[in-house]
Amino acid sequence: EIFIDAVSKFVNNFKETKQIPIRIVANNTVDGVLSTAILVRALEREDLNFSVCFVKELKDQKLQELNYDSAKTILFLGTGSKEISRIVEFVKNKQIFIIDNSEEIDKSFNVNTLNPCLEGEKISLSALTYLLAKQINPKNSELVHLGFIGSLFTPSDYDHQLLKEAIEMKKILVSRGLQFFYGQTQ
């Protein structure tokens, strides 16, 4: 599958960087927080030094502040795809990685970007981060339930795969009760 190949390539580039510490700049949304939880656990498992900050939007001042951060690698999570030109303009001498599912993509510069929209796919940020974490280390499959929860906000073709995996791992229990549907309840 083309998209899974893109995830593997991104993971390989990320593993090769070896530039730590890492600063994660994450989107301050439910999906952004779930994604951060997945990524934090994956990086902890690899024993990498990192820090996290949450932003509602990438302002020029925040981008400029990253130059003074001790981190050698900046990973934008749930933000950055449409601001690549600004990131390259303001953030200097840092290795940049972007994990985002925004349909708006700035293709002005060659930056390490993992965005399913580049491959014609649509997937929640947390499901995307889960797929990435699982590529980093198969032990991260224990985080499947977090990836699935995010897919409730952004339905995709991967939902059934994630749900099946979560049920098999006993991370999600299926039982009779109220029925919930995407975006509405009855």
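These values consider heavy atoms only, across backbone and side chains, with no hydrogens, waters or symmetry-generated copies.
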Please answer: with hydrophobic residues joined when any side-chain heavy atoms are less than 4.5 Å apart, are [X] and [Y] in the same cluster?
| X | Y | answer |
| --- | --- | --- |
| L43 | L128 | yes |
| L131 | I98 | no |
| V25 | L39 | no |

Side chains of [X] and [Y], heavy atoms from C-beta outward: is any pair under 4.5 Å?
| X | Y | answer |
| --- | --- | --- |
| L132 | V11 | yes |
| I4 | Q135 | yes |
| L125 | T129 | yes |
| S151 | Y158 | no |
| T73 | I20 | no |
| E165 | S141 | yes |
| I123 | P116 | yes |
| F50 | P21 | no |

Supply the members, apart from L118, of the Ile/Leu/Val/Met/Phe/Trp/Tyr cluster built from side-chain contacts under 4.5 Å; use none for a lone residue.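 Under the 4.5 Å side-chain rule, L118 groups with I105.
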Residue pairs fulfilling ring pair (Phe, Tyr, Trp, His ring centres under 6.0 Å) with at least one residue in residues 122-145, sequence neighbours excluded: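 Those involving residues 122-145 do not exist here.
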Quick test of your reading: applying ring pair (Phe, Tyr, Trp, His ring centres under 6.0 Å), list the pairs with at least one residue in residues 60-96, sequence neighbours left out, ordered by first then second residue.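 Passing the test, one end in residues 60-96: no pairs.
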Under the salt bridge (charged side-chain N to carboxylate O under 4.0 Å, His left out) rule, what pairs show up with a residue in residues 19-33, not counting sequence neighbours?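 Found R23-D69.
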Enumerate the residue pairs fulfilling salt bridge (charged side-chain N to carboxylate O under 4.0 Å, His left out) with a member in residues 86-96, sequence neighbours excluded, ordered by first and then second residue.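 Pairs touching residues 86-96 that pass the test: D60-R86.
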With sequence neighbours excluded, residues passing side-chain contact (heavy atoms from CB on, under 4.5 Å) with [X]:
| X | answer |
| --- | --- |
| A166 | V144, K171, I172 |
| E168 | K164 |
| Q61 | E65 |
| A26 | I24, T36, F54, L77 |

Hey, is E142 close enough to R41 for a salt bridge, meaning N to O under 4.0 Å?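 A salt bridge is present here (some side-chain N lies under 4.0 Å from a carboxylate O).
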Salt bridge or not for K122 and E103, using N-O below 4.0 Å?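 The answer is yes: the pair qualifies as a salt bridge.
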Under the 3.5 angstrom rule, does the side chain of T113 hit a backbone N or O of N115 as a donor-acceptor pair?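 Answer holds: no.
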Donor-acceptor check, side chain of N140 to backbone of A133, threshold 3.5 angstrom: yes or no?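 Pair found, side chain donor or acceptor close to backbone of A133.
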Using 0.5 Å steps for rounding, measure from the CG atom of N137 to the CG atom of L143.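 The CG atom of L143 is 10.0 Å from CG of N137, to the nearest 0.5 Å.
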State which residues pass ring-ring contact (aromatic ring centres under 6.0 Å, His included) with F97; sequence neighbours excluded, sorted by chain then number.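 F10, F14.
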Mind checking side chain to side chain donor-acceptor pair (under 3.5 Å) for T29 and listing every partner two or more places apart, or none if nothing turns up?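 Expected list: none.
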Run the side chain to side chain donor-acceptor pair (under 3.5 Å) test against D100 and tell me which residues pass, sequence neighbours left out.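 Only S81 meet the side chain to side chain donor-acceptor pair (under 3.5 Å) criterion with D100.
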